[in-house]
Amino acid sequence: MQLKKNNLSKKICIISFFLPFNIWAQDYPTIPDSQFFVPEKREFKLNELVMPCNNFYKFVCSNEISQFKIPQSKSRYVFSFNDSAEKITKKRLSYINSILASNTLPKKIEMLKNFYTSCTNIEARKIEENNLITSAVDQILKMNRQMILNEFTEKTLKGDSSLVNIEEMDNITNPKIKDLIFSYDLPLKVKEYYNNLDMINDYKSIITFLLDELNIENSERKADFIIHFEKSIASHYPTKAEMRELETKDNTIQRKYLLFRYPALNFDKILQKIPADVNLNLILTAVYSQMNSMLQKASLEELQALLLWNTLSNNITVKYSHPNYYAKYREFKLKYNGISKIDESIEKQCVQETVSALERNLDYEVVKQYYSDFPSDRIKSIVEKVQHTTLNNIKNNNWLSPAAKEKAILKIEKIRFQLVKPENLKDWDLKPVSFLYPDKFQTNKQIIRENDFNKLLKNILLPVNEMRWDMSPLTVNAYYNPTSNQFVMPMGILQPPFFDPTKSDKINMGSVGMVVAHEIGHSIDDQGSNYDETGRLSPWMSSIDLSNFKIKTQKIITLFDHEGIDGKLTLGENIADFVGLQNSFQSAFFDGTSSSNQEQKEFFVQYAKTWCGVIQPKYREFMIKTDPHSPIDLRVNGQMKLSKQFEETFMCKKGDDMTLPDSERVTLW
């Protein structure tokens, strides 16, 4: 199943990682943002005091890390991603500054200018926040039970974060048409957090503090209910690993079931807005049952508190209107989620806000101005070589059934590769031009949310645009979409060290080639094998194939479990890293061309460079709980242990830390 928000798109670069070298108890050294700069290119001088067969991550990364201080506004910094992102932010800001002084702009550019201007106008934001909060409190405290439930529904139908969120996804049996899926996100993000007594007590204190600031009576009792509501729902929420399995099932739900089972959620009003021909999906049936029960049992006072908290925590920023609360909120997030200790500059914050709201529209202009010349042909050549290698490996596979092998080959042959940037304006999927205010930031965000939701409903019956990009081309990321058998690699990730134009294609295979092979690997893993070459949910591995696959990949689960990581949660990404490294190495060196041992060493060094970085300890803890990717040091060292080619290239001895007995290694494709 593919959510258009990319819930299931297999992304190479959603990062979770360990702080290197076991510096767990202390924060990593920081530097004021004003003193931080990104070098044109990092040296990554190898640490000759470290044996590569003992700790390859440290061998490649430690010298660069030892010279680095993380900006105070960041809680993690991975050089390959963040350096590129910082450079792109600089270009975006440069473009925005170029339009600020002009009073005669096309409406599509004026929209960008007004949104950014409204964000940087701190005094206007304070006034607007106060007005919106005062109005919200006055209205909510006058509502009866049904009015409150109706207001939750109205928020859903305005695209606001609410008890029922509506997103678009591809139909599982016919990915050329679109479905809708109902979802709900836990406010604390991780269900296990609701069992952390210290965290829950601190969470209660910040809720109570805000209610007190708003002069809400019985604030502590109301905070207790809000926490009870969320905790009760969390107890029915799937774990991350369980959700990974559920997302590849048929989660279709009948309208009459929604109406009968969840009356307090007003699905009758929601369904009036959704065309009758649209298929509906719901994964969180137990969550919604509990939510419905809680809403039916709650008192009027409790419902008012829940709506008020939902409104203020999701839809109305209180950053400038209630700075004392905002400071406490940041302290809470720092303590438990490891966010940075300070905010970025208002300019950078507002570039990011503009990206969040109008990314494609902004980047369409930025790409035209700054990124017109790009070596697309080299990227295409690398992709074709990796695809060819993967096909050969599948053809030579000795454990897949003949039928499954045939489907795997067909699927890889049919993958649609979309590289660098969209070829047509339609595929950018720009947002329509809207009038935005130069001094009403919150109002502008609400206008965009409503426009986005109205567009979703307006276009839901139109055929899927298979060429549409789910990422802006300046995103430092890449993804595979199983329901369209599509791989997208934007120009944002095609910067050093992922793609270094000064190095040979063989060396670049260790980085950008690995990305391509990683994503192709997702198309035929335990989840990808649920979808055929057209993107339909049509499992093509037999029960015997799946049993063999599970037996083989259990070794990967065991390896990463021993490293203190949830091997089941990270299995899909670890498999893709394993296949990506193996197939990109073969693409570089097993194609009949001559190569040297030095080139092979540089290939592995290039791979490791892509994961060099630092993270603050608390943020690391949070990401370990939420991210299906392994920590960056293990994305290097774990994969080196699994790689026979690495052992041979660096002439490692059996028993070295970066080796495994052959019996513990994996053979897949």
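Counting begins at 1 with the first residue of the sequence.
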* Asked: Between Ile565 and Ser630, what is the shortest heavy-atom contact and its length?
  -> CG2-OG, 4.3 Å

* Pair Asn150-Asn266, side-chain donor/acceptor within less than 3.5 Å -> yes

* Asked: Will you find, in the side chains of Thr483 and Asn481, an N or O donor that is under 3.5 Å from an N or O acceptor?
  -> yes

* Between Arg468 and Asp429, is there a salt bridge with N-O shorter than 4.0 Å? -> yes

* Derivation and outcome, side chain to side chain contact (heavy atoms under 4.5 Å, CB included), residues Val190 and Phe622 -> CA-CA 9 Å; Val190 181; Phe622 174 65; 4.2 Å; yes

* Asked: In Å, rounded to the nearest 0.5 Å, how long is the span from NZ of Lys273 to CD1 of Ile460?
  -> 15.5 Å

* Taking C-beta and beyond as the side chain, do Trp669 and Thr390 meet within less than 4.5 Å on heavy atoms? -> no

* Asked: Is it true that the side chains of Ser162 and Asp160 contain a donor and an acceptor less than 3.5 Å apart?
  -> no

* Chi angles and distances behind the salt bridge (charged side-chain N to carboxylate O under 4.0 Å, His left out) call for Lys269, Glu154 -> CA-CA 9 Å; Lys269 293 181 172 60; Glu154 286 301 311; over 6 Å; no

* Nearest atoms (heavy-atom pairs only) where Ala517 meets Ser584 -> CB-N, 4.1 Å

* Asked: Mind checking whether Asn583 and Ile520 have side chains closer than 4.5 Å, heavy atoms only?
  -> no

* **Atom pair CZ (Phe578) and CG (Leu642), whose distance is rounded to the nearest 0.5 Å** => 6.0 Å

* To do: Could you tell me whether the side chain of Asp566 and the main chain of Leu569 form a donor-acceptor pair under 3.5 Å?
  => yes

* Asked: Between the side chain of Tyr370 and the main-chain N/O of Arg92, is any donor-acceptor distance below 3.5 Å?
  -> no

* Got a donor-acceptor contact below 3.5 angstrom from the Ser523 side chain to the Glu519 backbone? -> no

* Structure fact -> CG of Asp545 to CG of Leu400, rounded to nearest 0.5 Å, is 5.0 Å

* For Asn251 and Asn281, does a side-chain donor sit closer than 3.5 Å to a side-chain acceptor? -> no

* Asked: Between Tyr288 and Phe182, is the ring centre distance below 6.0 Å?
  -> no

* Does the side chain of Asp500 pick up a donor-acceptor pair with the side chain of Asn508 at under 3.5 Å? -> no

* With a 3.5 Å cut-off and no angle check, do the side chains of Asn451 and Ser434 form a donor-acceptor pair? -> yes

* Judged by modelled atom types alone, do Gln446 and Gln442 share a side-chain donor-acceptor pair under 3.5 Å? -> no

* Asked: Passes side chain to side chain contact (heavy atoms under 4.5 Å, CB included), Arg416 versus Met467? Steps please.
  -> CA-CA 9 Å; Arg416 185 172 64 254; Met467 300 300 292; 3.4 Å; yes

* Hey, is NZ on Lys568 packed in by over 12 heavy atoms from elsewhere, all under 6.0 Å? -> no

* Do any N or O atoms from the side chain of Asn485 and from the backbone of Glu533 form a donor-acceptor pair under 3.5 angstrom? -> yes

* Does any N or O in the side chain of Gln639 come within less than 3.5 Å of the main-chain N or O of Asn574, such that one atom is a donor and the other an acceptor? -> yes

* Heavy atoms from other residues, nucleotides or ligands near NZ of Lys455 exceed 12 (cutoff 6.0 Å) -> yes

* Structure fact -> Separation between CG (Asn292) and CD1 (Ile233), nearest 0.5 Å, reads 10.5 Å

* Asked: Do His629 and Thr570 touch side chain to side chain, with heavy atoms closer than 4.5 Å?
  -> no

* To do: Could you check Leu474 against Val366 for side chain to side chain contact (heavy atoms under 4.5 Å, CB included), going step by step and ending with a plain yes or no?
  => CA-CA 9 Å; Leu474 292 184; Val366 174; 3.8 Å; yes

* Structure fact -> Rounding to 0.5 Å, atoms CD (Glu466) and CD (Gln486) come to a distance of 8.5 Å

* **Over 12 non-hydrogen atoms of neighbours within 6.0 angstrom of CD in Glu413** => yes

* Validation row: Leu258, Leu282 side chains within 4.5 angstrom (heavy atoms) -> yes

* Asked: Taking C-beta and beyond as the side chain, do Lys108 and Leu112 meet within less than 4.5 Å on heavy atoms?
  -> no

* Asked: Do the side chains of Thr239 and Glu242 get nearer than 4.5 Å, heavy atoms only?
  -> yes

* Closest heavy-atom pair and its distance - Pro490, Met471 -> CG-SD, 4.2 Å

* Please check if atom NZ in Lys552 has more than 12 non-hydrogen atoms from other residues, nucleotides or ligands closer than 6.0 Å. => yes

* Asked: Of the non-hydrogen atoms in Arg261 and Ser289, which two are nearest, and what is the gap between them?
  -> NE-OG, 3.3 Å

* To do: Flag the pair Glu365 and Lys368 as a salt bridge only when some basic side-chain nitrogen lies within less than 4.0 angstrom of an acidic carboxylate oxygen.
  => yes

* Asked: Going through the checks in order, is the side chain to side chain contact (heavy atoms under 4.5 Å, CB included) test met by Leu436 and Lys113?
  -> CA-CA 9 Å; Leu436 300 180; Lys113 173 187 174 181; over 6 Å; no

* Asked: Are any side-chain N or O atoms of Asn424 and backbone N or O atoms of Asp427, one a donor and one an acceptor, separated by less than 3.5 Å?
  -> no

* Structure fact -> Closest heavy-atom pair, Ile447 versus Phe435, reported as atoms and distance to 0.1 Å, is CD1-O, 4.0 Å

* Structure fact -> CG of Leu457 to CD1 of Ile166, rounded to nearest 0.5 Å, is 6.5 Å

* Asked: Is Asp532 paired with Lys411 through a side-chain N to carboxylate O contact shorter than 4.0 Å?
  -> no

* Asked: Under 6.0 Å between ring centres, would you say that holds for Trp469 and Tyr479?
  -> no

* Asked: For Glu423, does the CD atom sit with more than 12 other heavy atoms under 6.0 Å from it, leaving out its own atoms?
  -> no

* Does the ring center of Tyr607 lie less than 6.0 Å from the ring center of Phe585? -> no

* Test the Arg360-Trp428 pair against the cation-pi criterion, namely NZ or CZ under 6.0 angstrom from the six-membered ring centroid and within 45° of the ring axis. => no

* Is it true that Asp363 and Lys91 make a salt bridge, defined as a side-chain N closer than 4.0 Å to a carboxylate O? -> no

* Asked: Is there a donor in the side chain of Thr311 and an acceptor in the side chain of Lys155, or the other way round, less than 3.5 Å apart?
  -> yes

* Structure fact -> Closest heavy-atom pair, Leu280 versus Ile274, reported as atoms and distance to 0.1 Å, is CD2-CG2, 4.2 Å

